[in-house]
Amino acid sequence: MPNLFEKELQKKSIFKDRDAISQHYSPKELPFREKQIGEITKILSPSIKGKKPDNLFLYGKVGTGKTTVTGHVIKELEEFAEKNHAKVSCNYVNCRNHNSKYKVLIKATKKFFPEENFIGYSAGFIQEKIMEFCRKENQIILVLDEIDKVKDLDELIYSLSRSNDEIEKGSISIIGISNNLMFKEKLDPRTKSSLCEKEMVFPPYNAEELRAILKARVELAFVPDSVSDSAVNLASAIAAQESGDARTAVMLLMRAGEIAENSNSKKVTDVEVQKAKKKVEEDIIFNMISTLPEQQQLVLKAIAVLSMSTKGIKKITGQEEQGVLYSGEIYEKYKQLALSLKESIVSSRWYRQYINELEMYGLILTSASGPGIKGQTKLIKLGFSPEKINSILDGQLGK
DNA sequence: TGTCCACTGGAAGGGAGGGCTT
DNA sequence: AAGCCCTCCCTTCCAGTGGACA
């Protein structure tokens, strides 16, 4: 009897290199981003000569290559600087994990003084440490990814730019990256003008571009001839239509590959991509629901239960519609459910807040009541099938 | 036209918990 | 270690809204 693992590893896989199609893989080639790479390179090049590059602000939707492109240019810059004995030091901070001025400074300092631990020291002290590093003629490039997550960004930018004014040698430049297009407008005007000395937009990829990107990835990740052309076309068309997001496109293909593999099929075709699309969507809904607070899950449950009952049938402007509910009756049902589960009950005001959030997540659709309905209320409808949502919730609320 | 109804969503504030600061 | 402050989650209060009904 062969060993279990031996058997498993001997299975023929349609994946050649699974990593190449995972979310974390950063490709060596970055097609359709030559222009952006060129511009960033140009903006950062003064650092080699010991001059301060302009601050740079990059924005564009998720999966348009902002982080990958920046990472690529920075790697090249560091390599070149080292070869030419230029004192350039690049530092990447993801602000999702380091979401305050203090945390960003701590993370940034760690790279320059890897031996020391600054947690507990005041922000001023830490900043002084960074300046000390700059004074040794160092040019620092600080990449702040997901910069919109920093709570006191105005202060961070302000104090960094002031440090720049105070030191005579060396400098700190900031590359801010954000996928929130509205974010820039909300900044303090001074922060804005300081951060956005140079700006660059990463446009979404179109279907053609996505197809080329996917094709290249398929060659790296899959065994030859295991993915049909039309599967690639379909995946890129879906992604282009939904977001122009390369990450979604890649994920779609990876899931399709897994589906093909699990069903012992030797080839990824349209069918697998369609299935993958459905699966990805379900995963998203599942994740969204399972991270909701319990009370909010109960509100959703109330909507699902009512949608399935005859209460969900309403006559609005003469027409019968299935699954449309009034805000008031949902609140009543929610209270009932909470009571039966011995849960506490949130106020009606907070319930409305929950409803608004559920709409933002796309789990429900709402509209204002019009003629034919007494009073002023919200009409609420589930965004997905009540049976499906109900079954997910049963798994969650049982816990 | 006025009153009632069934809500909506802003504002202010409480309190628990967590993290920065001293 | 202790204090302080901030954030998050939530409540209370309330003015406002658009339709029904007399």
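Residue numbering restarts at 1 for every chain, and letters A, B, ... go by the order of the sequence lines. Just so it is clear, the model here is predicted, and its values are computed rather than measured.
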> Can you name the residues that form a side chain to side chain donor-acceptor pair (under 3.5 Å) with A/Lys103, not counting sequence neighbours?
Replying inline: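 For A/Lys103, the residues satisfying side chain to side chain donor-acceptor pair (under 3.5 Å) (neighbours in sequence not counted) are A/Asn99.
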Carboxylate-amine/guanidinium contact [X] [Y], below 4.0 Å:
X        : Y        : value
A/Glu282 : A/Lys277 : no
A/Glu39  : A/Lys42  : no
A/Asp283 : A/Arg255 : yes

> By salt bridge (charged side-chain N to carboxylate O under 4.0 Å, His left out), which residues pair with A/Glu166, not counting sequence neighbours?
Replying inline: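 Partners of A/Glu166 by the salt bridge (charged side-chain N to carboxylate O under 4.0 Å, His left out) criterion, ordered by chain and then number, come out as A/Arg162.
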>> Base, sugar-phosphate or nothing for A/Tyr331? Non-hydrogen atoms, less than 4.0 Å.
In response: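 Counting heavy atoms under 4.0 Å across all strands, no contact is made by A/Tyr331.
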> Which part of the nucleic acid, if any, lies within contact of A/Ile345, taking any heavy atom under 4.0 Å across all strands shown: a base, the sugar-phosphate backbone alone, or nothing?
Replying inline: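 Touches sugar-phosphate only.
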> Base, backbone or nothing for each nucleotide of nucleotides 8-20 of chain B, written B, S, -, heavy atoms under 4.0 angstrom, 5' to 3'?
Replying inline: BBB---------S
> So how far off straight is the helix from B/dT1-C/dA22 to B/dT22-C/dA1, going by the axes through five pairs at either end, to 10°?
Replying inline: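 Here the local axes at opposite ends form an angle of 20°.
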>> Can you list, by chain and residue number, the hydrophobic cluster partners of A/Leu44 when the side-chain cut-off is 4.5 Å?
In response: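 In the cluster with A/Leu44 are A/Leu30, A/Ile37, A/Ile40, A/Ile43, A/Ile48, A/Leu56, A/Leu58, A/Val69, A/Val73, A/Ile74, A/Leu77, A/Phe80, A/Val88, A/Tyr92, A/Ile141, A/Val143, A/Ile175, A/Ile177, A/Met200, A/Phe202.
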[N] [atom2] sits how many Å from [X] [atom1], rounded?
X        : N      : atom1 : atom2 : value
A/Gln353 : C/dC10 : CD    : P     : 10 Å
A/Glu332 : B/dA6  : CD    : C1'   : 12 Å
A/Leu379 : C/dT17 : CG    : P     : 20 Å
A/Ile330 : B/dA6  : CD1   : P     : 16 Å
A/Tyr354 : C/dT11 : OH    : C1'   : 12 Å
A/Leu325 : B/dA6  : CG    : C1'   : 16 Å
A/Gln127 : B/dT21 : CD    : P     : 12 Å

>> Using the rule given for salt bridge (charged side-chain N to carboxylate O under 4.0 Å, His left out), can you reason through A/Glu281 versus A/Lys278, listing the C-alpha separation, both sets of side-chain angles and the distance that settles it, and then say yes or no?
In response: CA-CA 5 Å; A/Glu281 273 169 10; A/Lys278 215 170 151 221; over 6 Å; no
Side-chain atoms of residues 338-349 of chain A: list all donor-acceptor pairs with protein atoms under 3.5 Å, sequence neighbours left out, distances to 0.1 Å.
residue, atom, partner, partner atom, Å
A/Ser340, OG, A/Leu337, O, 2.8
A/Ser347, OG, A/Trp350, N, 3.3

>> With heavy-atom distances below 4.5 Å as the criterion, would you say the side chains of A/Ile172 and A/Ile130 are in contact?
In response: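 Side-chain contact under 4.5 Å: yes.
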